[in-house]
Amino acid sequence: MLGKKAYWILSIIFIGIIAIALSFYMYNKPHINIQKTEAAYRLSAQELIGEFKNDELEANTKFSDQLLVVEGQIHEISTLKGNKVLALKPANSASSVICHMLPEESEKVLQLKEGQTITIKGVCTGYLLDVIMVRCMLVQ
Amino acid sequence: MRGFYFIIIYLWMLNGLTAQGKYLTKEGYVSFFSHAIVEDIKADNNQVLSIVDTQTGEIVVQLLMRSFMFEKALMQEHFNESYVESYKYPKATFSGVIKNIDGLDDLNLETEIVGTLALHGREKEISTKVAIRKKGDLLILSGDFSVEVADFDIKIPAIVENNIAKTIKVSFDLHHKPYP
């Protein structure tokens, strides 16, 4: 039988290992998994732009850093540093929802055409002259 | 208030009688780098908005703090929630003037930008060297400068003091296109 002292030492070592493992896990916590995570809001590009134009402060609190599913018509397809960028622009609007696509989406984006209506899922970072979305992927 | 000020400048630039000399990008690049004892931290932002008027030399740069992408999710979280408080101050804005913009015809110009950087609810005068190039119809501005974390009232807890530098290096590379 182990003495009382040994139990204490073992418990402390055990707790220590758990603490180190936990902090290591936290430190290396992965970025949000776009595909597997449920979106906080589903709306059209027009609605999203409208909310930011109407009350930017409130829209920021509501949408920024949130995973959104947005539907809209492709106005422009471009490439930035090898990654695709889709601008979803409603009719009669000066602003777009600019979607910076994940690298693995590039091939799928090649099949798309301007004028097509699509649905994307990604993280909203806020509003400059347009609503900005990053880490975006196409939703079927 | 700053957003309003910015929109006014923006509209004024768009409505200028001559569109000539106006350049814009919505995909500018700004990164920052922190070198500390424990670790190096880098974050990239590829969604920077920048407008330049080559007739007057005026420049306005605006970015979303949440558009800074970090390698580690936890760093990004701490940056937005604890340090720059993005929910309260979602944007950073620089407005200033490019000196000696008349010399731009040389295609390559090393000059200085002087202006105000607004970040985390604080403002600070900044002057930095900038390299300006014309490539085709692109107007490219690039350079780097240093900012003191303390100047912007960004509080770093003592426990991570050795993880984050007190002086942060900011680099920029802005490829403007003629507007419209």
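Since the structure is predicted, the reported quantities are computational estimates derived from the model, not experimental observations. Throughout, a chain's letter reflects where its sequence line sits, starting with A, and its residues are numbered from 1.
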A.B. asks: Using heavy-atom distances under 4.5 Å, tell me whether F68(B) contacts chain A through its side chain, its backbone, both, or neither.
C.D. replies: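 Looking at F68(B), nothing touches chain A.
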
A.B. asks: Could you tell me which residues in residues 72-85 of chain B have at least one non-hydrogen atom under 4.5 Å from a non-hydrogen atom of chain A, sorted by residue number?
C.D. replies: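 Those residues of residues 72-85 of chain B which have a heavy atom under 4.5 Å from chain A are K72(B), A73(B), L74(B), M75(B), Q76(B), E77(B).
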
A.B. asks: Which heavy-atom pair separates L128(A) from Q47(B) by the least distance, and what is that distance?
C.D. replies: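 Minimum heavy-atom separation between L128(A) and Q47(B): CD1-O, 3.4 Å.
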
A.B. asks: Between atom NZ of K91(B) and atom CG of N60(A), what is the distance when rounded to the nearest 0.5 Å?
C.D. replies: 7.0 Å

A.B. asks: Examine V30(B) and L139(B) and state if one hydrophobic cluster contains both, with Ile, Leu, Val, Met, Phe, Trp and Tyr joined whenever side-chain heavy atoms are less than 4.5 Å apart.
C.D. replies: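 Same cluster.
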
A.B. asks: Would F33(B) end up clustered with I156(B) when hydrophobic side chains under 4.5 Å apart are linked, directly or stepwise?
C.D. replies: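 No, because F33(B) and I156(B) fall into different hydrophobic clusters, even though each may have its own neighbours under 4.5 Å.
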
A.B. asks: Membership question, hydrophobic clusters at under 4.5 Å side-chain separation (ILVMFWY): are M133(A) and V85(A) in the same one?
C.D. replies: no

A.B. asks: Flag yes if more than 12 heavy atoms outside Y87(B) fall under 6.0 Å of its OH atom; otherwise flag no.
C.D. replies: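 Enclosed.
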
A.B. asks: Are Y27(A) and F70(B) connected in the hydrophobic side-chain network, where two residues link if heavy atoms are under 4.5 Å apart?
C.D. replies: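 Linked within one cluster.
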
A.B. asks: Could you list which of residues 95-125 of chain A have a heavy atom closer than 4.5 Å to any heavy atom of chain B, in residue-number order?
C.D. replies: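 Interface residues of residues 95-125 of chain A: I98(A), H100(A), T125(A).
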
A.B. asks: I'd like to know if L64(B) and I49(A) are part of one continuous hydrophobic network [Ile/Leu/Val/Met/Phe/Trp/Tyr, side-chain heavy atoms within less than 4.5 Å].
C.D. replies: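 No, no single cluster joins them.
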
A.B. asks: Is it the case that more than 12 heavy atoms not belonging to K124(B) sit under 6.0 Å from its NZ atom?
C.D. replies: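 No - once you tally the heavy atoms of other residues, nucleotides and ligands closer than 6.0 Å, there are 12 at most.
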
A.B. asks: Let me see the working for K81(A) and E27(B) under side chain to side chain contact (heavy atoms under 4.5 Å, CB included), right down to the final yes or no.
C.D. replies: CA-CA 10 Å; K81(A) 295 176 183 171; E27(B) 295 175 345; over 6 Å; no

A.B. asks: If you count heavy atoms of other groups shown closer than 6.0 angstrom to CD of E71(B), is the number above 12?
C.D. replies: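 At most 12 heavy atoms, drawn from other residues, nucleotides or ligands, come within 6.0 Å of this atom.
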
A.B. asks: Between CD1 of I132(A) and CG of L49(B), what distance do you get to the nearest 0.5 Å?
C.D. replies: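 Answer rounded to 0.5 Å: 8.0 Å.
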
A.B. asks: Answer yes or no: are there more than 12 heavy-atom neighbours, outside I159(B) itself, under 6.0 Å from its atom CD1?
C.D. replies: no

A.B. asks: Checking heavy atoms, do the side chain of N83(A), its backbone, both or neither come under 4.5 Å from chain B?
C.D. replies: neither

